[in-house]
Amino acid sequence: MAAAIDRWVWYAGWADKFAQVVGAANPVSGAYFNFSLPEPTGVVGICAPQESSLLGLVSVLAPVIATGNTAVVLVSQERPLPAV
């Protein structure tokens, strides 16, 4: 549980820094600016791992949400409770 909370906090910290790290100011010749900014992909399909139920689910879900996407998650058949 503690590792899953730490993982959420780590990815939440990246949510406002992601565009600054991945984006760039592209050099152009002229009196204007050209910026590259990452945009969300949209809907991302995720398969949660079977072996670690909560931490595995958080590890694949948190980056998708932190980058602004929507997730459709296929949860573990053996341990579906953490997804609820």
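Heavy-atom basis, side chains included; hydrogens, waters and symmetry copies ignored.
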Which heavy atom in [X] sits nearest to a heavy atom in [Y], and how many Å separate them?
X: W8; Y: I65; answer: CH2-CD1, 4.2 Å
X: V21; Y: W14; answer: CG2-CZ3, 3.5 Å
X: A4; Y: V58; answer: O-CG1, 3.8 Å
X: L57; Y: A83; answer: CD2-CA, 3.6 Å

task: Quick one: pull up OG1 in T67 and CD in E39 and give me the separation to the nearest 0.5 Å.
output: 12.5 Å
- line: So CD1 of I5 and CG of L54: to nearest 0.5 Å the spacing works out to 8.5 Å
- prompt: If only atom types and distance count, is the side chain of N69 paired as donor or acceptor with the main-chain N or O of V43 below 3.5 Å?
  reply: no
- prompt: Judged by atom type as modelled, is there a donor-acceptor pair below 3.5 Å linking the side chain of S76 to the main-chain atoms of R79?
  reply: yes
message: Taking F33 as the starting point, is it possible to reach L37 by hopping between hydrophobic residues whose side chains are less than 4.5 Å apart?
response: no
- prompt: So, do Y11 and L61 sit near enough that their side-chain heavy atoms are less than 4.5 Å apart?
  reply: no
